[in-house]
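Have a look at the structure below, then the notes.
All values reported here derive from a predicted model rather than from experimental measurement. Basis for what follows: all heavy atoms, side chains included, without hydrogens, waters or symmetry-related copies. Whatever order the structure lists ligands and atoms in, that order sets their numbers, starting from 1.
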Amino acid sequence: MCGIVGYVGSRNSVPLLIEGLKRLEYRGYDSAGVAVLNGHGLETRRAEGKIAKLEQVLAVTPAEGGLGIGHTRWATHGPPAERNAHPHLSNDGTIALVHNGIIENYAELKQGLKAQGYVFHSDTDTEVLTNLVQELYGGRLEDAVLAALERGEGTYGIAVVSTRDPGKIVAARKGSPLLVGLGDGEHFIASDASAILAHTREVVYLNDGDLAVVRKDGYRVFDMKATTLDRPVAKIDWELAQIERGGYDHFMLKEIFEQPQTLENTMRGRVVLEDGMSKLGGINLSHDELLTIDQVIITACGTSWHSALIGEMLIEDLARIPVEVEYASEFRYRNPIVTPNTLCIVISQSGETADTLAAMREAKRRGAKTLGLVNVVGSTIAREDDGGIYLHAGPEIGVASTKAFTSQVVALALLALKLGRKRQLSSVRGREIAQALLDLPAQVKQILDRAPEIEALAERYKDAQNFLYLGRGYNFPTALEGALKLKEISYIHAEGYPAAEMKHGPIALIDENMPVVFIAPHDAVFDKVVSNIQEVKARRGRIICLTSREEHMLEGLVDHEIRIPPTLDMLTPVLASVPLQLLAYYIAVKRGANVDQPRNLAKSVTVE
Ligand code: AGP
């Protein structure tokens, strides 16, 4: 979740580093810094807080040089403070290093270095690694970095420069994304392509265990045995505008309004209406393999775990295969039952979430076939899974996941359709599902056109201290997702619950100050949800009801109604989640919260 940028070429590196860090700020932000080699030595500038603070430092004490590295930090060791900001310098001032990840044995390494007279100015594991490189330096920077990484245990994405071996950046990755950007007479390092997209679209993704020496006129990738590797050059097809806010106040709002388009992109070329089928090229599972799957495990974190819960119902409903959903952080430490006929579906927008990556590796170790539902092309999960379905939702910059969630649900529906039609799902039912999928983008557009109604509702409830979200069946996960959206950007406590379960505890919370959001489309359990609404009404709860058509049963019962278009029960989460995204967004904005970069959160959690 930290951001790393490096440059070596003929231009002054500092403006390029700052520009790149700003594009990465969403990944992790409580301090930032740069280090520059300029022929007279190594200069570092660091500041706590946003990158604007670092720019103020540079305005007062400028730095200039054709080789530099930069970093935005999301604290893992040591509080946010200038002394803990990266880059860290070695004791002799000749080496600067930036790091994303965790060196787990840093305390023991620190003790050893202290015994040799090294002094430390920060609480970080990164400073330990920097001094270890100094200690092991024997003439070439890449050799010292490799030797230091052999002694460290844990995860890293690092970039290192030194006055003793100028003209090069040494990069290495294990568990934290890193790539090399190829320019004409200049080269880049970045933890995310968006940092350097303005300068190059040709990148080389490093794999775990790779190192690279990057110079002005070229680069070399090698492994921990110093064997040169031939990594392919990838072409980035995102437009920079996709990354910019496009006129919206926040990335999150832009991404909510992109959903008609992103859903179309997720389905593009994948729905075969006449056969009631889906076509998924990248899953790399043969017809026979698809038929031998007798268990599905879906593992993910956060919002992706919510879409996993919907995927469970979709696959069991359409393909009649037993599915279990596991928090990735739990799965990786359990002793799960996995066989060669197990399909492990791994859902991750970023493709870099540490717990999810570890869970996938554990499933692979136990013999499962793995299928990644990932948004970021070239991300680690996407490159390590056995097959995958890219969401094609474009970069999701807002920390709160929105368009990725709806694309995940659609991708899961496409997969369930494929698995079902390989089994007993009829072509008639398949065509009905396929058509309902194709109708979704226009239906989402209808909901977005009524955003002002949601904004007015947000005005009414922005000062609430607690919210309850209730749904049944396919919309119990929708309730969980709605609650997560609200709490993570507005900091209002919100809980999602199965509507019927509310009687077993949460009903004690209901009073006139408790807004209760019911997700109650006209699905198979609508009448049951109406009973739950009556129970809340009887306790003076304030009821916001999301439903799909005029209903006399709701008259006099609900305080506010949000209408969504009708669709198949299994697809209602795609439509129902959009008003809930908007409600959370508008409430957060009205409370003055930092919507795109909520406190304590990062876009991609690449540490345990
Ligand atoms: C969702 O709004 C959060 N940002 C968070 O729960 C996120 O879904 C989770 O960290 C998983 O991220 P991933 O999909 O990139 O793996």
Side-chain angles (χ1 to χ4, degrees), residues 1 26-29 74 175-177 191-192 194 250-253 255-256 259 266 298-311 325-332 344-361 370-382 384-385 388-391 393-409 411-412 469 477-478 480-491 494 496 577-578 580-585 588 593-608:
M1 69 224 94
Y26 70 89
R27 289 177 65 100
Y29 42 83
W74 185 70
S176 292
S191 48
D192 181 302
S194 55
H250 298 96
F251 282 115
M252 182 178 174
L253 190 60
E255 287 147 14
I256 290 172
Q259 289 177 107
T266 303
I298 313 178
T299 187
C301 301
T303 283
S304 300
W305 183 79
H306 296 154
S307 64
L309 291 173
I310 296 166
V325 173
E326 297 265 5
Y327 277 118
S329 54
E330 292 296 306
F331 179 81
R332 60 185 295 199
C344 180
I345 300 172
V346 181
I347 305 177
S348 176
Q349 186 288 130
S350 62
E352 301 297 349
T353 299
D355 285 325
T356 309
L357 176 60
M360 178 177 75
R361 289 172 174 166
T370 57
L371 184 65
L373 264 61
V374 176
N375 191 37
V376 178
V377 174
S379 57
T380 306
I381 289 174
E384 289 195 12
D385 58 28
I389 303 174
Y390 275 128
L391 300 183
E396 186 176 70
I397 307 297
V399 165
S401 190
T402 51
K403 63 178 182 175
F405 173 74
T406 50
S407 284
Q408 285 166 356
V409 175
L412 286 160
Y469 287 72
T478 315
L480 294 174
E481 176 58 12
L484 175 61
K485 279 308 88 71
L486 182 70
K487 73 180 111 176
E488 70 175 322
I489 61 174
S490 73
Y491 316 143
S577 58
V578 175
L580 303 184
Q581 293 165 356
L582 288 169
L583 182 64
Y585 170 79
N594 184 338
V595 172
D596 282 333
Q597 299 170 1
R599 66 185 183 198
N600 309 340
L601 280 175
K603 184 58 185 170
S604 177
V605 184
T606 54
V607 291
E608 283 202 45

Ser401 N/O under 3.5 Å from ligand 1 N/O:
yes
Glu488, portion touching ligand 1 at heavy-atom distance under 4.0 Å:
side chain
Yes or no: does Lys485 have any heavy atom under 4.0 Å from an atom of ligand 1?
yes
Nearest-neighbour protein heavy atom for atom 4 (N) of ligand 1, which is reported as residue plus atom name and distance
Val399 O, 2.7 Å
State whether a side-chain donor-acceptor pair under 3.5 Å links Thr266 with Ser407.
yes
Would you kindly say whether Gln259 and Thr406 are connected by a side-chain donor-acceptor distance under 3.5 Å?
yes
Tyr327 vs Cys301 side-chain heavy atoms within contact, under 4.5 Å
no
In terms of heavy-atom contacts, Glu255 and Thr402 come closest through CB-OG1, 3.7 Å
State whether the shortest distance between N or O atoms of Gln408 and N or O atoms of ligand 1 falls below 3.5 angstrom.
no
Regarding ligand 1, does Ser350 bring an N or O atom to under 3.5 Å of one of the ligand's N or O atoms?
yes
Any salt bridge linking Lys603 with Glu396? Criterion: basic side-chain nitrogen under 4.0 Å from a carboxylate oxygen.
yes
Does an N or O from Ala602, backbone or side chain, lie closer than 3.5 Å to an N or O of ligand 1?
no
Does only the side chain of Glu352 get under 4.0 Å from ligand 1, or the backbone, or both, or neither? Count heavy atoms.
neither
Does the plane of the ring in His250 sit parallel, tilted or perpendicular to the ring in Tyr585? Use 30° and 60° as the thresholds.
perpendicular
Tell me: protein heavy atom nearest atom 16 (O) of ligand 1, and distance?
Thr353 OG1, 2.5 Å
